[in-house]
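Here the structure comes first, spelled out in structure tokens, and everything after it is commentary.
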2 protein chains.
Amino acid sequence: MRQETIENYLKTIYNLSSNNTAVVNNQKIADRLSLNPATVTEGLRKLHELKYIVYEKSYGSRLTASGSKLALDIVRRHRIWETYLAKELGFGWDEVHAIAEELEHVNNVKLINKLASILGNPIYDPHGDPIPDEKGKIQKSNFIKLSEAKVKFYYKVMGVTDHSTTFLKYLEKHNLIIGASINIKTIEDFDNSIVLICQKKEVNISPKAAECIIVQSI
Amino acid sequence: MRQETIENYLKTIYNLSSNNTAVVNNQKIADRLSLNPATVTEGLRKLHELKYIVYEKSYGSRLTASGSKLALDIVRRHRIWETYLAKELGFGWDEVHAIAEELEHVNNVKLINKLASILGNPIYDPHGDPIPDEKGKIQKSNFIKLSEAKVKFYYKVMGVTDHSTTFLKYLEKHNLIIGASINIKTIEDFDNSIVLICQKKEVNISPKAAECIIVQSI
DNA sequence: ATTATCTTTTTGGCATACCAAAATTAATAA
DNA sequence: TTATTAATTTTGGTATGCCAAAAAGATAAT
Ligand SMILES: [Mn+2]
Ligand SMILES: [Mn+2]
Ligand SMILES: [Mn+2]
Ligand SMILES: [Mn+2]
């Protein structure tokens, strides 16, 4: 199996398994990688052979220790590059993901560690996602989705789970960027849409958008 | 044909054709890319189909206008990355080539131009090779090989044509780095080896090494 | 419990990138 | 010019990554 193929599968399985706890089903992998389900079945069988995952037919996949190691390594590369592109090379948080998708496959430990060191060994990338350290260790956090926030409480925006340009541009428009402080004014009973205050302005957030915004109580 | 495959062929043909003048034969391409000659024949046929090269059977290849454009683009990416790795990220001139071989395939104009701009749009890479500008234009120079240098004359080291770590480390040991001033003391009639003065020390250069050092008369 | 509806797997096939060995063609030396 | 050698091409074949359609399995709904 080509290294790039392996890396794309493992990264995807990692990202879909939320901290490597849940078992991942084939369809989600197929969607994420824009592959035919038949292709995914084959791919998973091979990854099982290679001992990167434990794959149970018609049930799902989870990463083994070695698969997890490789997955965390590529997630690290991806997020370090995103941060470097944003902080050092002047790219927007909506632009970095696409470029990092290519750069992440360049495997050179010294290079990534050098970039990390220039950045001051950051713990979060431009979307608020945690960056594993060289050993694959991730800072654990008590973040919640905005959709789980409570009325009257104050929060800080810590990240996003949707990296699309349209979504990120939409957030920017309302100043909902990483680090922004917000206050939940009301949550509509009718449709669960949220009205919050950000930089003294009222913003109405749909339930769908609230699912994609990560916050921390302050 | 995969983009990476195309790029590797075109880059190689460009590098072997010395400024795109000479016709390149298959064997050299096979050597450079570590491919079987049979594979190269196939590859060249496809590149001809794609109109990137003109390929005459049993004779050789040369780049078309569009092939030349792509080749210069990837040569630019390679050399900008080499320069960025050396100047901004602290890698040695013997380390940058291997990493740039991977980075060169990341195709993002804005990224390369940003790196170039940070570097002050350099004209030469760490090995003294010229960097094409965004339009593919290359500064022309009057450099010669050290093997063509004349006794008693003064020269400045401008580049190398061998990028191997062993060779570059050897040069470093004798202070024969880019920019170094040298004076040709003698050229042995017997074996054409060169004795030169560099930083007040005598250095003996084999004809083979002299072929790989590029200098300019000063 | 039995459909109906997803999801996954199997099957058969296609395209790309390779290589080894044999056959051909070109270049060189005798 | 005719061997001899070297370079190139042809041929037959492997491995990988992918897909469409059909078959099988699992889940959910009645
Ligand atoms: Mn990303
Ligand atoms: Mn990210
Ligand atoms: Mn190089
Ligand atoms: Mn170089």
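Reminder, nothing fancy here: chain letters follow the sequence lines and each chain counts from 1.
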* Asked: Of all the choices, C/dC6, C/dC19, C/dT9, which nucleotide is nearest to the side chain of A/Y55 once you look at every atom?
  -> C/dT9
* Is A/E49 atom CD crowded by more than 12 heavy atoms from other residues, nucleotides or ligands, each under 6.0 Å away? -> no
* Asked: If you check the B/T5 side chain, which of C/dA17, D/dT16, D/dC19 turns out closest?
  -> C/dA17
* **Presence of salt bridge, A/R77 and A/D73, under 4.0 angstrom** => yes
* Give a yes/no on whether any side-chain N or O of A/N25 is located under 4.0 angstrom from OP1 or OP2 of C/dT7. => no
* To do: Respond yes when some side-chain nitrogen or oxygen of B/K57 is under 4.0 Å from OP1 or OP2 of D/dT10, and no when none is.
  => yes
* To do: Ignoring the backbone of B/N36, work out which of C/dC6, C/dA20, D/dG17 is nearest its side chain.
  => C/dA20
* To do: Not counting sequence neighbours, which residues clear salt bridge (charged side-chain N to carboxylate O under 4.0 Å, His left out) with B/K51? List them please.
  => none
* Asked: On a plain distance test, is the side chain of A/E42 in donor-acceptor contact with the base of D/dC18 below 3.5 Å?
  -> yes
* Structure fact -> Between CG of B/L35 and C1' of C/dA20 the distance, given in whole Å, is 14 Å
* Sorted by first residue and then second, give each side chain to side chain donor-acceptor pair (under 3.5 Å) pair with at least one member in residues 79-106 of chain B; sequence neighbours left out. => A/Y84-B/Y84, A/K110-B/E95, B/E7-B/H105, B/N8-B/H105, B/K11-B/E101, B/K11-B/E104, B/H78-B/E82, B/H78-B/H97, B/H78-B/E104, B/E82-B/H97, B/E82-B/H127, B/W93-B/E172, B/H97-B/E101
* Calculate the interatomic distance between A/Y59 atom OH and C/dT9 atom C1'; express it in whole Å. => 18 Å
* Asked: Given atom NZ of A/K46 and atom P of D/dA15, what is their separation to the nearest angstrom?
  -> 12 Å
* Structure fact -> By nearest-heavy-atom nucleotide on DNA chain D, the more 5' of A/A38 and B/Q27 is B/Q27
* To do: Specify the separation, in whole Å, of atom CG of A/L44 and atom P of C/dT10.
  => 12 Å
* Asked: Is B/T39 near enough to C/dC19 that one of its side-chain N or O atoms lies under 4.0 angstrom from OP1 or OP2?
  -> yes
* Does a side-chain N or O from A/T41 land closer than 4.0 Å to OP1 or OP2 of C/dT8, or not? -> no
* Do the side-chain N or O atoms of A/S58 get closer than 4.0 angstrom to the phosphate oxygens (OP1, OP2) of D/dG25? -> no
* Asked: Can you check the B/N26 CG to D/dT10 P distance for me, whole Å?
  -> 11 Å
* **Nearest-angstrom distance from the residue atom CE of A/M1 to C1' of C/dT16** => 17 Å
* Roughly, in whole Å, what's the span from CG in B/D31 to P in D/dA7? -> 9 Å
* Is the ring centre of A/F143 less than 6.0 Å from the ring centre of A/Y124? -> yes
* To do: Can you tell me the distance, in whole Å, between the CZ atom of A/R2 and the P atom of D/dC18?
  => 8 Å
